[in-house]
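Chain naming here is simple, since letters A, B, ... match the order of the sequence lines and numbering starts at 1 in each.
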Number of protein chains: 2
Amino acid sequence: MSGPIGFQCQNHSVCMSTMLAQAQDHCTALGLRLTPVRRRTLEILLAEHRALGAYDVLKHLAAEGLGTQPPVAYRALDFLVKAGFAHKIEALNAYTACVHPGQDHAPAFLICRNCQSVAEADTAPAKGRLGDAARAAGFVIERTVVEATGLCPDCVGEAA
Amino acid sequence: MSGPIGFQCQNHSVCMSTMLAQAQDHCTALGLRLTPVRRRTLEILLAEHRALGAYDVLKHLAAEGLGTQPPVAYRALDFLVKAGFAHKIEALNAYTACVHPGQDHAPAFLICRNCQSVAEADTAPAKGRLGDAARAAGFVIERTVVEATGLCPDCVGEAA
DNA sequence: TTCGTATTGATATGTTATAACATCCGGTCT
DNA sequence: AGACCGGATGTTATAACATATCAATACGAA
Ligand SMILES: [Zn+2]
Ligand SMILES: [Zn+2]
Ligand SMILES: [Zn+2]
Ligand SMILES: [Zn+2]
């Protein structure tokens with residue numbers, strides 16, 4: 001599979017449990033601790049192919065008695081991002097589950113402005129013209145943010 | 001010139017006044033109003049090849065008696081962004097002057113994490129692999145955010 | 001001049017994110 | 001067991017970023 005993952009997800013419960021299992025395995029392998037709050041936070045993100053704000057996540061956690069204060073959500077999200085199980089969508093100040101957890105990669109996102117769905121594509125931005133420009137300038141790229149906003153297949157259809 | 005603009009700026013006062021003049025011309029041509037607050041805000045951004053937060057801008061404006069409340073800065077910044085004279089850097093929640101004002105383009109940014117300098121490169125992200133992925137998925141791109149974080153030429157040298 | 005619209009002034013509020021410090025809990029060493 | 005240490009949580013407070021709303025004013029067009 002090489003296209004963006006997300007829009008074409010059909011059986012989402014499989015999708016979710018696969019990702020969760022991969023995260024669990026990765027934690028076990030590296031000695032990281034997927035604590036209840038962290039695990040639940042990941043589940044909350046995985047439940048939708050959308051980006052959720054930290055305070056949205058916090059509402060879910062609070063409803064389940066897992067914490068009521070902002071640091072609870074931010075700590076869990078930071079852990080997931082550092083561990084490679086989630087990404088921050090800068091254009092939305094929101095977070096979304098990664099679709100190939102644990103692997104070190106340079107994600108790119110397709111964000112629907114109508115239904116808020118988010119798909120993760122795997123590109124190598126530093127290898128294209130941006131990389132050329134950076135090399136020409138002597139700039140060393142460490143991280144890239146690539147986010148495209150527009151209309152997803154469903155919403156393009158609707159508009160017509 | 002095709003590389004990223006910003007790191008190689010030598011005579012900055014020329015750089016500044018050129019940009020300002022272009023903005024002024026563009027406003028005149030389109031009937032837009034480059035009011036004192038807007039003009040000063042652009043000058044503040046142009047003064048550095050960095051991104052400034054809205055509240056940083058506001059501090060400058062306040063010191064000059066041009067307004068003390070957040071909406072003053074946000075209105076001016078929104079005007080400059082819409083007019084194509086400035087860009088928002090999503091990864092920093094901050095704003096930077098555009099280096100080719102008025103032209104409709106898809107900018108990409110190189111952001112130094114050490115000295116906070118920002119360079120604007122001109123790429124066509126929707127034409128690369130991201131565009132391919134989007135087309136394959138039926139996603140219609142309307143806007144792209146491309147931001148690379150790393151070390152600028154000066155700071156790479158320093159580190160060594 | 002009158003009208004309509006863009007801009008500014010002013011107040012309040014909403015949203016996102018982190019600092020700081022106390023406490024708990026699980027493993028290790030003695 | 002007891003002391004210790006580091007990571008994880010609990011808790012309070014605040015910093016940083018952004019917008020809603022409505023009144024007042026300036027400005028160009030008719
Ligand atoms: Zn990912
Ligand atoms: Zn959609
Ligand atoms: Zn630009
Ligand atoms: Zn630098």
message: Please give me every residue in residues 88-98 of chain A whose heavy atoms get under 4.0 Å of an atom in DNA chain C, ordered by residue number.
response: Lys88(A), Asn93(A), Tyr95(A)

- line: From CG of Leu34(B) across to P of dT8(C) the rounded distance in Å is 10 Å

message: Please report the distance, rounded to the nearest Å, between CG in Leu32(B) and C1' in dT7(C).
response: 13 Å

- prompt: In terms of side-chain heavy atoms, does His49(A) have a donor or acceptor partner in Gln116(A) at a distance below 3.5 Å?
  reply: no

- request: Please determine, by modelled atom types, if Glu120(A) and His105(A) share a side-chain donor-acceptor pair under 3.5 angstrom.
  value: yes

Do [X] and [Y] touch side chain to side chain, with heavy atoms closer than 4.5 Å?
| X | Y | result |
| --- | --- | --- |
| Val146(B) | Thr144(A) | no |
| Leu45(A) | Leu77(A) | yes |
| Glu147(A) | Ile111(A) | yes |
| Asp122(B) | His100(B) | yes |

First and last nucleotide of DNA chain D, 5' to 3', lying under 4.0 Å from heavy atoms of chain B: dC17(D) to dC27(D)

task: Using a strict 4.0 Å threshold on nitrogen-to-oxygen distance, state whether Arg129(A) and Asp132(A) make a salt bridge.
output: no

message: Here's a test of your reading of the structure: between Tyr74(B) and Pro71(B), which maps to the more 5' nucleotide of DNA chain D?
response: Tyr74(B)

message: Heavy-atom nearest nucleotide on DNA chain D for Val72(A) versus Tyr55(B): which residue maps closer to 5'?
response: Val72(A)

query: NA contact type, Thr68(B), heavy-atom cut-off 4.0 Å: base, sugar-phosphate, or nothing?
result: nothing

message: Ignoring hydrogens and geometry beyond distance, is the side chain of Arg75(B) in donor-acceptor contact with the base of dG9(C) at under 3.5 Å?
response: yes

- prompt: Hey, mind stepping through His87(B) and Tyr95(B) against ring pair (Phe, Tyr, Trp, His ring centres under 6.0 Å) and telling me if it holds?
  reply: CA-CA 6 Å; His87(B) 298 289; Tyr95(B) 303 80; over 10 Å; no

